[in-house]
Amino acid sequence: MGVGNEEVKILAIESSCDETAAAVVRNGREVLSNVIYSQIDLHTVYGGVVPEIASRKHIEKINQVIEEALSQAGMKLEEMDAIAVTYGPGLVGALLVGVSAAKAISFATGIPLIGVHHIEGHISANFIENKDLEPPFICLVASGGHSHLVVVKGYGEYEIIGRTRDDAAGEAFDKVARAIGLGYPGGPKIDRVAKEGNADAIHFPRAKVDENEYDFSFSGLKSAVLNYLNGCQMKGEEVPVADVAASFQKAVVEVLVEHSLHAVEAYGLRKFAIAGGVASNSSLRAAFDAECAKRGIAFFHPSPIYCTDNAAMIGAAAYYEYRKGIRSGYDLNAVPNLKLGER
Ligand code: KG4
Ligand code: ZN
């Protein structure tokens, strides 16, 4: 089995939120298949993810998605060196579907099981297309549930130096999108509509958190947008949707860029990466591209398909755990609020 110079092939499973996903990844960086069944259409009518519906759909889809991942990779289950699965953080019922499937496959075949932290997966998505990227580097993780600034000290070694005090960046995108009538999921919709708007039309606040310069706060910005919308309604004015989207997005992007690059400079690391659903935002990517080039910082980012939830990133993270000899037992359980760096 794959140690040393041998090939390590991992079947990875991800079901923490509303994507049922499976992938086959070779040596942590080569994606042989990446199958994602997105449930977005099912949840759109409710304006957000409904946990019970997510769990039910995961159960319905998981075996099919796993079979598809193996078939697209042209491989058989017996050829796998490990079965990796996200076991937290996320929705407990959703996580349990992936964890149960992975445990059943591992138990039936004897192939080792590796439980993976979802955020570790997001960070590791950067290894897939950046073959030369190695720790240490700083990574901004901005997803629907998290906004973390992380020092990636080594493979699987993390120090969180900044986090959100209230809403995650993706959550702010989703809430503002709902308020301006764009619906769910908000991030991609604001991204698209903002292109038609003037980002300097409305000045929304950029929150600073006094006690920790790397922490984020987005609830004040969200309230400012809601106040602005109320103001429009009271004056009987039409809401300039594209301008609100562009101005809100600019405020989020500015704070994320400023805090992140401040950390990169302060820690003396010249490598910076982004991860998570919000990392697929076109304006955020352009801003980091420009600012990192100006400051001589190497900037890494996954393709959008590896930014939002997928299983290839779980396979990438699992590879480095595998190399360290980390394996999970059959008592592996879903941990909805699992902390980064904990096992
Ligand atoms: O990482 P992810 O797929 O799931 C979580 O682990 O949370 O992130 C989903 C979040 C959602 O809040 C979604 O609105 C946001 O990422 N998102 C975006 C974009 N695409 C997805 N936010 C801004 N711009 C985008 N293009
Ligand atoms: Zn995620």
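Residues take their numbers from the sequence shown, with the count starting at 1. Start at 1 and go down the list; that is how both ligands and their atoms are numbered.
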Which residues share a side-chain contact (heavy atoms from CB on, under 4.5 Å) with Val92, sequence neighbours left out: Leu96, Ala334, Pro336
Residues two or more places apart in sequence or in another chain: which of them pass salt bridge (charged side-chain N to carboxylate O under 4.0 Å, His left out) with Glu78? none
Starting from the C-alpha separation in whole Å, work towards a yes-or-no answer on side-chain hydrogen bond (donor to acceptor under 3.5 Å, both in side chains) for His259 and Glu213. CA-CA 7 Å; His259 288 208; Glu213 55 195 337; over 6 Å; no
Kindly state whether the ring of Phe272 and the ring of Phe300 have centres lying under 6.0 angstrom apart. no
Metal environment of the Zn ion (ligand 2), protein N/O/S under 2.8 Å: His118 NE2, His122 NE2, Asp309 OD1
Expected output: side-chain Arg29 to main-chain Lys131 donor-acceptor under 3.5 Å: yes
Just by distance, do the side chain of Ser106 and the backbone of Ile111 share a donor-acceptor pair under 3.5 Å? yes
Hey, is the main chain of Phe218 close enough, under 3.5 Å, to the side chain of Asp167 for a donor-acceptor pair? no
Should we say atom CD of Gln233 is surrounded by more than 12 heavy atoms from elsewhere, each under 6.0 Å from it? no
What short N/O contacts, under 3.5 Å, does ligand 1 make with the protein, listed by atom pair and distance?
from, atom 1, to, atom 2, distance (Å)
ligand 1, 1 (O), His122, NE2, 3.0
ligand 1, 1 (O), Gly277, N, 3.0
ligand 1, 1 (O), Asp309, OD1, 3.3
ligand 1, 3 (O), Asp309, N, 3.1
ligand 1, 3 (O), Asp309, OD1, 3.4
ligand 1, 4 (O), Asp309, OD1, 3.3
ligand 1, 4 (O), Asp309, OD2, 3.3
ligand 1, 6 (O), His118, NE2, 3.1
ligand 1, 6 (O), Asp309, OD1, 3.4
ligand 1, 7 (O), Gly144, N, 2.8
ligand 1, 7 (O), Gly145, N, 3.4
ligand 1, 8 (O), Gly144, N, 3.4
ligand 1, 12 (O), Gly170, O, 3.1
ligand 1, 12 (O), Asp174, OD2, 2.7
ligand 1, 14 (O), Asp174, OD1, 2.7
ligand 1, 14 (O), Gly187, N, 3.0
ligand 1, 20 (N), Gly277, O, 3.4
ligand 1, 20 (N), Ser280, OG, 3.2
ligand 1, 24 (N), Gly187, O, 3.4
ligand 1, 24 (N), Asn281, ND2, 2.9
ligand 1, 26 (N), Asp191, OD2, 2.9

Using the six-membered ring wherever Trp is involved, compare the ring planes of Phe127 and Phe137 and label them parallel, tilted or perpendicular (cut-offs 30° and 60°). perpendicular
